[in-house]
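Single-structure report; data block below.
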Amino acid sequence: MAGAAIPFFALHLFPCWGSIGYMAWLCLVVGNVRYAFTNRRLLIRSGVFGIDFKALDYDRIQELDVTVNPVEKILGVGSIRAFSGQTNAKGVPVYDRFIGIEDPYGVYKRIKQVTVDIKTDWNYPNALRPPANQGYSTRYEPPAGS
(Lines give C-alpha, C1' and ligand atoms only; values in the text may rest on other atoms or scores of the structure.)
Protein backbone atom coordinates (compact mmCIF):
# COMPACT_ATOMS: atom_id res chain seq x y z
CA MET A 1 0.00 0.00 0.00
CA ALA A 2 2.84 2.42 0.83
CA GLY A 3 4.38 1.76 -2.59
CA ALA A 4 1.29 3.23 -4.29
CA ALA A 5 0.72 5.98 -1.71
CA ILE A 6 4.10 7.71 -2.19
CA PRO A 7 3.73 8.31 -5.97
CA PHE A 8 0.06 9.23 -5.43
CA PHE A 9 0.85 11.89 -2.83
CA ALA A 10 3.93 13.12 -4.71
CA LEU A 11 1.80 13.72 -7.80
CA HIS A 12 -1.21 15.19 -6.05
CA LEU A 13 0.79 17.44 -3.72
CA PHE A 14 2.73 18.94 -6.65
CA PRO A 15 0.64 22.17 -6.60
CA CYS A 16 1.68 22.67 -2.98
CA TRP A 17 5.39 21.96 -3.55
CA GLY A 18 5.33 23.80 -6.86
CA SER A 19 3.94 26.96 -5.27
CA ILE A 20 6.51 26.78 -2.46
CA GLY A 21 9.25 26.35 -5.07
CA TYR A 22 7.92 29.33 -7.05
CA MET A 23 7.94 31.51 -3.92
CA ALA A 24 11.56 30.48 -3.33
CA TRP A 25 12.35 31.41 -6.95
CA LEU A 26 10.73 34.83 -6.48
CA CYS A 27 12.81 35.41 -3.33
CA LEU A 28 15.97 34.72 -5.35
CA VAL A 29 15.03 36.88 -8.33
CA VAL A 30 13.74 39.93 -6.41
CA GLY A 31 17.27 41.27 -5.88
CA ASN A 32 17.96 41.36 -9.62
CA VAL A 33 14.71 42.90 -10.87
CA ARG A 34 14.96 46.50 -12.00
CA TYR A 35 12.67 48.58 -14.19
CA ALA A 36 13.56 51.73 -16.10
CA PHE A 37 12.19 53.91 -18.84
CA THR A 38 14.19 56.29 -20.97
CA ASN A 39 13.22 58.70 -23.71
CA ARG A 40 13.53 55.79 -26.21
CA ARG A 41 12.42 52.53 -24.56
CA LEU A 42 11.26 50.57 -21.53
CA LEU A 43 13.93 48.38 -19.90
CA ILE A 44 13.43 45.33 -17.69
CA ARG A 45 16.30 43.58 -15.90
CA SER A 46 15.76 40.22 -14.18
CA GLY A 47 17.28 36.79 -13.64
CA VAL A 48 18.70 34.53 -10.96
CA PHE A 49 21.74 32.73 -12.35
CA GLY A 50 22.39 35.20 -15.17
CA ILE A 51 21.10 38.69 -15.71
CA ASP A 52 18.50 39.08 -18.49
CA PHE A 53 17.63 42.39 -20.13
CA LYS A 54 14.54 43.14 -22.16
CA ALA A 55 13.99 46.37 -24.06
CA LEU A 56 10.69 47.53 -25.54
CA ASP A 57 10.85 50.49 -27.91
CA TYR A 58 8.03 53.01 -27.55
CA ASP A 59 7.04 52.87 -31.21
CA ARG A 60 6.13 49.17 -30.75
CA ILE A 61 3.80 49.72 -27.76
CA GLN A 62 0.21 49.19 -28.83
CA GLU A 63 -1.43 49.14 -25.42
CA LEU A 64 -0.41 50.45 -22.00
CA ASP A 65 -2.37 49.67 -18.81
CA VAL A 66 -2.00 50.42 -15.12
CA THR A 67 -3.58 48.26 -12.42
CA VAL A 68 -3.62 48.39 -8.64
CA ASN A 69 -5.00 45.29 -6.95
CA PRO A 70 -6.04 45.27 -3.26
CA VAL A 71 -2.68 43.95 -1.99
CA GLU A 72 -0.78 46.53 -4.08
CA LYS A 73 -3.08 49.28 -2.78
CA ILE A 74 -2.24 48.33 0.81
CA LEU A 75 1.48 48.44 -0.05
CA GLY A 76 1.14 51.73 -1.99
CA VAL A 77 2.34 50.30 -5.31
CA GLY A 78 0.87 49.19 -8.64
CA SER A 79 1.65 47.41 -11.89
CA ILE A 80 2.07 48.71 -15.42
CA ARG A 81 1.82 46.39 -18.40
CA ALA A 82 2.70 47.07 -22.01
CA PHE A 83 1.59 45.12 -25.07
CA SER A 84 3.77 45.26 -28.17
CA GLY A 85 1.83 42.88 -30.42
CA GLN A 86 3.81 39.78 -29.47
CA THR A 87 1.99 36.49 -28.91
CA ASN A 88 3.19 33.12 -27.71
CA ALA A 89 2.97 29.90 -29.75
CA LYS A 90 -0.71 29.48 -28.85
CA GLY A 91 -1.60 33.03 -29.94
CA VAL A 92 -1.98 34.38 -26.40
CA PRO A 93 -0.79 38.01 -26.02
CA VAL A 94 2.52 38.50 -24.21
CA TYR A 95 2.64 41.50 -21.87
CA ASP A 96 5.76 43.15 -20.46
CA ARG A 97 5.11 44.15 -16.85
CA PHE A 98 6.50 46.61 -14.36
CA ILE A 99 5.37 45.15 -11.02
CA GLY A 100 5.42 46.88 -7.62
CA ILE A 101 5.94 50.42 -8.92
CA GLU A 102 5.52 53.34 -6.53
CA ASP A 103 3.18 56.04 -7.91
CA PRO A 104 2.01 53.80 -10.78
CA TYR A 105 -0.39 56.41 -12.17
CA GLY A 106 2.33 59.06 -12.37
CA VAL A 107 4.77 56.65 -14.03
CA TYR A 108 2.02 55.52 -16.43
CA LYS A 109 1.29 59.14 -17.34
CA ARG A 110 4.97 59.86 -18.05
CA ILE A 111 5.44 56.70 -20.15
CA LYS A 112 2.23 57.40 -22.07
CA GLN A 113 3.35 60.97 -22.80
CA VAL A 114 6.70 59.77 -24.19
CA THR A 115 4.90 57.12 -26.26
CA VAL A 116 2.58 59.72 -27.77
CA ASP A 117 5.53 62.05 -28.45
CA ILE A 118 7.49 59.28 -30.22
CA LYS A 119 4.51 58.26 -32.35
CA THR A 120 3.86 61.91 -33.20
CA ASP A 121 7.48 62.21 -34.34
CA TRP A 122 6.97 59.18 -36.62
CA ASN A 123 3.81 60.70 -38.13
CA TYR A 124 5.34 64.15 -38.61
CA PRO A 125 8.98 63.68 -39.66
CA ASN A 126 11.28 66.70 -39.65
CA ALA A 127 10.20 68.39 -42.90
CA LEU A 128 6.48 67.70 -42.38
CA ARG A 129 6.26 68.49 -38.65
CA PRO A 130 3.97 71.38 -37.75
CA PRO A 131 5.33 73.98 -35.30
CA ALA A 132 2.97 72.63 -32.62
CA ASN A 133 0.65 69.68 -32.36
CA GLN A 134 -2.50 71.05 -30.78
CA GLY A 135 -3.93 67.57 -30.23
CA TYR A 136 -1.27 66.41 -27.78
CA SER A 137 0.66 69.59 -26.96
CA THR A 138 3.97 68.13 -28.09
CA ARG A 139 6.94 70.14 -29.23
CA TYR A 140 9.96 69.26 -31.33
CA GLU A 141 13.28 70.59 -30.09
CA PRO A 142 15.88 70.30 -32.87
CA PRO A 143 19.36 69.12 -31.86
CA ALA A 144 21.92 71.81 -31.09
CA GLY A 145 23.68 73.07 -34.19
CA SER A 146 20.77 72.34 -36.58
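The first residue of the sequence shown is numbered 1, and numbering continues consecutively from there. FYI, side chains are in, hydrogens and waters are out, and symmetry mates aren't considered; it's all heavy atoms of this structure.
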What distance do [X] atom [atom1] and [Y] atom [atom2] have between them, rounded to the nearest 0.5 Å?
{"X": "S79", "Y": "I99", "atom1": "OG", "atom2": "CD1", "answer": "5.5 Å"}
{"X": "D65", "Y": "F83", "atom1": "CG", "atom2": "CZ", "answer": "10.5 Å"}
{"X": "R110", "Y": "I80", "atom1": "CZ", "atom2": "CD1", "answer": "10.0 Å"}
{"X": "Q113", "Y": "I118", "atom1": "CD", "atom2": "CD1", "answer": "11.0 Å"}
{"X": "Q86", "Y": "Q62", "atom1": "CD", "atom2": "CD", "answer": "10.0 Å"}

- More than 12 non-hydrogen atoms from neighbouring residues, nucleotides or ligands closer than 6.0 Å to CZ on F14, yes or no? no
Specify the closest pair of heavy atoms between [X] and [Y], including all atoms of both residues, with the distance to one decimal.
{"X": "V107", "Y": "E102", "value": "CG2-O, 3.9 Å"}
{"X": "E72", "Y": "G100", "value": "OE2-N, 4.3 Å"}
{"X": "P104", "Y": "V77", "value": "CG-C, 4.2 Å"}
{"X": "V33", "Y": "S46", "value": "CG2-CB, 4.1 Å"}

- Task: Treat each ILVMFWY residue as a node, draw an edge where side-chain heavy atoms are under 4.5 Å apart, and state whether F9 and W17 are in one component.
- Result: yes
- I44, Y95: one ILVMFWY side-chain cluster at the under-4.5 Å cut-off? no
Do the non-hydrogen side-chain atoms of [X] and [Y] ever get within less than 4.5 Å of each other?
{"X": "E63", "Y": "R81", "answer": "yes"}
{"X": "I61", "Y": "L42", "answer": "yes"}
{"X": "Y58", "Y": "I111", "answer": "yes"}

- Item | Expected output: side-chain D57 to main-chain R60 donor-acceptor under 3.5 Å | no
- Query: Hey, is the main chain of N32 close enough, under 3.5 Å, to the side chain of R45 for a donor-acceptor pair?
  - Reply: yes
- Message: Exactly one of F37, Y35, Y108 should register a ring-ring contact (aromatic ring centres under 6.0 Å, His included) with F98. Which one does?
- Response: Y35
